[in-house]
Protein chains: 2
Amino acid sequence: MKGPPLPLVEELSRLGYALMRLLLARAKEVFAQEGLSLLQAEVLRLVKEGVSAPSRLAEHLEVQPSQVSHLLVSLEEAGLLGRHPDPEDRRRVLLRLTEKGEAVERRLQEAWLRAYGQHLARLEAGELLLFRDLLRKLTGVERG
Amino acid sequence: MKGPPLPLVEELSRLGYALMRLLLARAKEVFAQEGLSLLQAEVLRLVKEGVSAPSRLAEHLEVQPSQVSHLLVSLEEAGLLGRHPDPEDRRRVLLRLTEKGEAVERRLQEAWLRAYGQHLARLEAGELLLFRDLLRKLTGVERG
DNA sequence: TATTGTTATACTCTATAACTATA
DNA sequence: TATAGTTATAGAGTATAACAATA
């Protein structure tokens with residue numbers, strides 16, 4: 001594990017942090033438009049993608065189970081999500097978005113795409129492809 | 001403003017969000033090692049870089065002035081930072097890191113560099129240069 | 001009167017642990 | 001006894017507005 005030369009990594013470290021702060025600020029703005037926090041918005045996305053158990057949400061979000069309960073209560077009170085008992089194991093809960101929840105989730109994705117797209121507009125077509133490939137490697141995802 | 005084709009931007013939108021969450025989680029871990037939050041750590045870095053007025057901190061951090069006051073109180077109580085009256089305009093406060101504050105800030109930078117470097121290790125030397133150039137463009141910074 | 005920064009208040013978020021229901 | 005999830009409690013973070021001191 002020799003690794004790349006230090007000054008480059010140092011600059012990357014600053015730039016990476018700057019990008020993170022930039023995107024974090026934009027994401028918070030976008031989600032606030034629907035009155036949701038970062039984690040509330042993420043719960044909507046994860047449930048839409050098929051994560052239907054609170055304990056799985058806690059793993060994805062890297063938070064405590066109790067916090068997931070709070071998040072679910074708030075989203076249920078907002079009419080965005082329903083909690084249903086699992087007929088196969090009555091300790092478990094199955095999560096499902098309401099119609100309103102699906103609509104809000106869709107709007108959030110669109111708004112995030114617009115906000116983020118404004119930053120991406122600084123890059124040219126070829127650079128976007130490069131950036132995608134680098135992000136795939138960095139995040140360990142084959143396809144986004 | 002035609003912009004790039006949508007499916008690519010959509011994948012980039014997901015990958016960008018994933019990277020942001022990844023880096024956010026790592027940054028929180030790193031700063032927690034010194035018992036500091038994201039913003040507390042950022043105040044240390046900004047003050048070290050010469051941002052010496054609370055109002056300038058509020059701009060950089062995109063938070064309310066009152067929150068800066070709270071951050072400064074906590075950092076001062078931790079012995080990391082001092083508030084000194086500006087002799088030229090006694091409404092103003094000049095911020096300066098203590099020795100302990102400088103040491104903590106240095107350790108945080110090193111720890112962040114290590115944590116982030118582990119992710120960068122997924123890229124090869126040439127890719128790192130590409131990634132730096134793309135990040136420079138995206139964050140609007142000439143040099144990080 | 002405008003500016004800089006702090007304090008007061010209420011509200012949300014987060015962490016730990018105790019608790020309930022089911023298996 | 002172990003597991004899934006919730007509730008209780010306290011603490012940290014955040015937003016708004018009122019405030020004090022100085023210019």
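We name chains A, B, ... by the order of the sequence lines, and we start the count at 1 in each one. What you see is a predicted model, and the numbers here were worked out from it, not measured in a lab.
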Closest to the Pro65(A) side chain, choosing from dT4(C), dT14(C), dT6(D):
dT6(D)
Interface with DNA chain D, restricted to residues 45-61 of chain B and to heavy atoms under 4.0 Å:
none
Once you round to the nearest 0.5 Å, how far does CD of Glu34(A) lie from CG of Leu108(A)?
5.0 Å
Using a strict cut-off of less than 4.0 Å between a Lys/Arg side-chain nitrogen and an Asp/Glu carboxylate oxygen, indicate whether Glu11(A) and Arg14(A) qualify as a salt bridge.
no
Rounded distance (Å) that lies between atom P of dT6(D) and atom NE2 of His84(A):
13 Å
Separation of dG13(D) P from Leu72(B) CG (nearest whole Å):
13 Å
Rounded to the nearest angstrom, tell me the gap between atom CD in Gln64(B) and atom C1' in dT9(C).
15 Å
Rounding to a whole Å, what distance do you find between Arg83(B):CZ and dT7(C):C1'?
12 Å
Using a strict 4.0 Å threshold on nitrogen-to-oxygen distance, state whether Glu62(A) and Arg21(B) make a salt bridge.
no
Would you kindly give the CG-to-P distance between Leu39(B) and dT14(C), to the nearest whole Å?
13 Å
Assess the side chains of Glu105(B) and Gln109(B): does a donor N or O sit below 3.5 Å from an acceptor N or O?
yes
Does Val73(A) or Asp89(A) map to a spot on DNA chain D nearer the 5' end, using the closest nucleotide for each?
Asp89(A)
Nucleotide dA20(D), atom C1' - distance to CZ of Arg92(B) in whole Å:
17 Å
Counting only side-chain nitrogens and oxygens, does Arg91(B) get under 4.0 Å of the OP1 or OP2 atom of dG5(C)?
no
Arg90(A) side chain near dG5(D) phosphate (N/O to OP1/OP2, under 4.0 Å):
no
Residues passing the salt bridge (charged side-chain N to carboxylate O under 4.0 Å, His left out) test with Arg83(A), sequence neighbours excluded, are Glu76(A)
Nearest whole Å is fine: how far is dT4(C) C1' from Glu88(B) CD?
15 Å
Verify the distance criterion only: is there a donor paired with an acceptor across the side chains of Tyr116(A) and Glu10(B) at less than 3.5 Å?
no
Check the distance between dC13(C)'s C1' and Glu42(A)'s CD and give it to me in whole angstrom.
15 Å
His60(B) NE2: over 12 foreign heavy atoms closer than 6.0 Å:
no
NA contact type, Leu71(B), heavy-atom cut-off 4.0 Å: base, sugar-phosphate, or nothing?
nothing
Indicate whether OP1 or OP2 belonging to dA15(C) is found under 4.0 Å from a side-chain N or O atom of Gln67(A).
yes
Looking only at the side chain of Gln40(A) (C-beta and beyond, no hydrogens), which of the listed nucleotides dA8(C), dC13(C), dT6(C) gets closest?
dC13(C)
Between dT14(C), dG5(D), dT16(D), spot the one nearest the side chain of Ser66(B), thanks.
dT16(D)
